[in-house]
Amino acid sequence: MSILIKGGRVIDPLNKIDAVLDILIQDHQISKIGKNIQAADAAIIDAGGKIVAPGIIDMHVHLREPGREDKETVLSGTAAASKGGVTTVLAMPNTLPAMDCEENIKLLRGIIAKNALINVLVCGAITKGRLGQELNDMAKLKRAGAIAISDDGSSVDSDEVMLDAFKSAKQYGLLTVCHCEDKKLSGKGVINLGFQSTRLGLRGISNESEYKRISRDIDLAARADTRVHIAHVSCRESVEIIAKAKKIGLKVTCETAPHYFALSEEDIVDYDTKMKTNPPLRSKEDVAAIKAGLKDGVIDAIASDHAPHTENEKDIEFDRAEFGKIGLESGLAISIMELISKKVLSWPELVEKISVNPAKILGINKGSLGAGDDADIIIVNAEKEFLLEKSKIISKSKNSPFIGRTVKGLVEYTIYRGKVVYKN
Ligand code: DOR
Ligand code: ZN
């Protein structure tokens, strides 16, 4: 089966391409890219006026399977991903049971092999049960197919355990993804510590609880002479600390999520639990710092932190509601609105954040559109406005803070390894 994508604006920053071109796909791969490609037997997609880019690589996704299939499954999550233009996800390990041993990872990989519509990579847990005490056997996690480790949802409090984790990750070539939160500081906080927490009478989470732990993790990774990836960066001081570490040559990368540049604590009105996430929505000053960090390259990647929860877990008092929101289906449109339309990033720069850089960080051979590359491609109508409606959400959970927003940038096709997995 071959597909010819004709006349789209092809954006492939890795190969320094931003031009109107055709792309010919044969089987799983791109076979040709250039002007006026002819292919008599190919199905033609007219991409005139559209953006053609590498599929999105979302390195922070909670698929919830096994254990919480009522929130999401590999099938429903990857269907939601494909609608959002995502062709690779890194599945976070806070499942039930956690991805802390060979058997559990094998179980998940079996489900992925059967049900995933796109590429699903597995992140193993750092500690047994994600309890922060006992280091998992990284050799076994690696052997079972994990490419990264994280205790996401929590941070490992013990310096010794975390240092050992970095050493072991280095030995087995695993990426360490750090959820940075000092629970002694964030405590029972539920939103950002500041004006809003006072006004609403809710307990606050300080910036300090995030950036202090980032400092520690960067320091431990340096001691183990290995790399570290900081998840969901949300505040100004974190950006500054990571900038400094990069400047002195430490092997640090980081991601932020669309809600940290599209929303602030001021969007938490009427105790809307869809705005409850961890780390929390921060101040406007922090939002500006996140945007600046994206622009100047301190923040390498944008990931959704897609965190599905049921209505039962969200439609309750703010204090008791779960942290997290879905994001796979809205991430690109929100990024276009906030970053492209507001001239924070150019299209090639956005593609670097959502595809090129995540591929590099994960060490996978994706994120580009050269001949011979995997045909993971999205076609986007960047000018098309549409309403984000609850009834149109594919994810099993509906906890999106963006419901009711009119956004711009509709994914028209998602192609994964040469196959159309989503079409609008
Ligand atoms: O808001 C969040 N939700 N932050 C996390 O770190 C975990 C996630 C989840 O798994 O629900
Ligand atoms: Zn997470």
Side-chain angles (χ1 to χ4, degrees), residues 57-62 88-95 98-102 104-105 121-183 210-234 238 241-242 245-246 248-257 278-279 298-301 303 305 357-364:
I57 298 169
D58 188 337
M59 53 185 306
H60 200 131
V61 172
H62 299 274
T88 292
V89 298
L90 179 64
M92 286 292 126
N94 57 340
T95 44
M99 291 300 122
D100 61 1
C101 64
E102 212 171 355
N104 295 349
I105 292 176
L121 304 170
V122 176
C123 184
I126 296 174
T127 61
K128 191 109 302 295
R130 293 175 46 258
L131 294 170
Q133 307 287 323
E134 191 189 329
L135 200 66
N136 291 326
D137 186 335
M138 299 308 164
K140 287 186 178 162
L141 300 196
K142 170 91 178 187
R143 194 164 63 204
I147 68 149
I149 53 167
S150 178
D151 266 1
D152 186 54
S154 320
S155 185
V156 176
D157 288 328
S158 157
D159 295 355
E160 277 126 320
V161 174
M162 199 58 212
L163 181 60
D164 284 346
F166 281 123
K167 286 180 182 163
S168 201
K170 179 181 180 174
Q171 187 177 355
Y172 296 104
L174 293 159
L175 173 72
T176 308
V177 178
C178 290
H179 169 119
C180 291
E181 176 184 7
D182 185 335
K183 260 281 169 198
E210 174 178 318
Y211 70 74
K212 275 206 164 160
R213 187 49 59 91
I214 291 179
S215 279
R216 187 213 59 170
D217 284 345
I218 289 175
D219 186 49
L220 293 176
R223 277 211 258 160
D225 188 27
T226 191
R227 62 196 178 127
V228 54
H229 178 78
I230 310 294
H232 38 59
V233 170
S234 76
S238 301
I241 286 165
I242 293 163
K246 284 187 169 191
I248 61 168
L250 298 179
K251 290 173 272 192
V252 186
T253 56
C254 71
E255 78 200 23
T256 190
N278 187 25
V298 173
I299 301 177
D300 304 273
D305 197 2
N357 293 344
K360 280 186 198 161
I361 295 166
L362 295 170
I364 57 173

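Of all non-hydrogen atoms in Cys180 and Asp217, the two that sit nearest each other are SG-OD2, 3.4 Å. Across all non-hydrogen atoms, the minimal contact from Ala224 to Phe166 is CB-CB, 3.6 Å. Minimum interatomic distance between Pro358 and Ala301 (heavy atoms only, all atoms of both residues): CG-CB, 4.1 Å. Of all the heavy atoms in Ile299 and Cys254, the pair that sits closest is CA-SG, 3.6 Å. Here the closest non-hydrogen pair linking Gly153 and Glu181 is O-OE1, 4.4 Å. Here the closest heavy-atom approach between residue Pro93 and residue Cys123 is recorded as CB-O, 3.1 Å.
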Handout entry: Intermediate values then yes/no, salt bridge (charged side-chain N to carboxylate O under 4.0 Å, His left out), Asp225 and Lys170
Key = CA-CA 8 Å; Asp225 188 27; Lys170 179 181 180 174; 3.3 Å; yes

Exercise for the section: Determine, stepwise, if the pair Val89 / Leu121 fulfils side-chain contact (heavy atoms from CB on, under 4.5 Å). Expected result: CA-CA 6 Å; Val89 298; Leu121 304 170; over 6 Å; no

Exercise for the section: Check the pair Leu175 / Ile147 against side-chain contact (heavy atoms from CB on, under 4.5 Å), numbers first and verdict last. Expected result: CA-CA 7 Å; Leu175 173 72; Ile147 68 149; over 6 Å; no

Practice task
Decide yes or no on side-chain contact (heavy atoms from CB on, under 4.5 Å) for Arg223 and Leu163, but give the supporting numbers first.
Solution key: CA-CA 8 Å; Arg223 277 211 258 160; Leu163 181 60; 4.0 Å; yes

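Residues Ile218 and Leu250 meet the side-chain proximity criterion, which asks for heavy atoms closer than 4.5 Å. A heavy-atom distance below 4.5 Å is not found between the side chains of Ile149 and Val177. When side chains are defined from C-beta on, His229 counts as touching Met59, because their heavy atoms get closer than 4.5 Å. Within the 4.5 Å cutoff, side-chain heavy atoms of Met162 are placed close to those of Ile126. Looking at heavy atoms from C-beta onward, Thr226 lies out of side-chain contact with Lys167 at the 4.5 angstrom threshold. Contact of the Met138 side chain with the Leu135 side chain is registered, since non-hydrogen atoms from C-beta on lie closer than 4.5 Å. Under the 4.5 Å side-chain criterion, counting only non-hydrogen atoms from C-beta, Asp58 is not in contact with Leu90. For the pair Ser150/Thr176, no side-chain contact is recorded, criterion being any heavy-atom separation below 4.5 Å from C-beta on.
Side-chain polar atoms of Asp300 and Thr253 form no donor-acceptor pair below 3.5 angstrom. A side-chain donor from one of Glu210 and Ser234 sits under 3.5 Å from a side-chain acceptor of the other.
When atom types are taken as modelled, the side chain of Asp305 and the backbone of His60 share no donor-acceptor pair closer than 3.5 angstrom. Using modelled atom types, no side-chain atom of Arg213 and backbone atom of Cys178 make a donor-acceptor pair closer than 3.5 Å. Judged by distance alone, with hydrogens and angles left aside, the side-chain atoms of Arg130 form a donor-acceptor pair with the main-chain N or O of Asp152 at under 3.5 Å. Listed for the Asn136 side chain is a donor-acceptor partner under 3.5 Å among the backbone atoms of Thr127. Of the possible donor and acceptor atoms, one in the side chain of Asp100 sits under 3.5 Å from a partner among the backbone N and O of Gly129. A donor-acceptor pair under 3.5 Å is formed between the side chain of Thr256 and the backbone N or O of Val233. Using a distance-only test at 3.5 Å, with no hydrogens or angles considered, a donor-acceptor pair links the side chain of Lys142 to the main chain of Tyr172.
Summarising the geometry, atom CG belonging to Asp157 is positioned 6.5 Å from atom CG belonging to Asp182; distances are rounded to the nearest 0.5 Å. For the atom pair NZ (Lys140) and CD (Glu102), the distance works out to 6.5 Å, reported to the nearest 0.5 Å. Taking CG from Asn104 and OG1 from Thr95, the interatomic distance works out to 7.0 Å, rounded to the nearest 0.5 Å. Here Ser154 contributes atom OG and Asn94 contributes atom CG; the two are 8.0 Å apart, rounded to the nearest 0.5 Å. Taking CD1 of Ile241 as the reference point, atom CG of Asp219 lies at 11.5 Å (rounded to 0.5 Å).
The 12-atom threshold is exceeded at NZ of Lys128, counting heavy atoms of other residues, nucleotides or ligands nearer than 6.0 Å.
Applying the ring pair (Phe, Tyr, Trp, His ring centres under 6.0 Å) rule to His179 yields the partners His232; only residues at least two apart in sequence or on another chain are considered.
We find that Arg216 and Asp159 are joined by a salt bridge, their nearest charged nitrogen and carboxylate oxygen being less than 4.0 Å apart.
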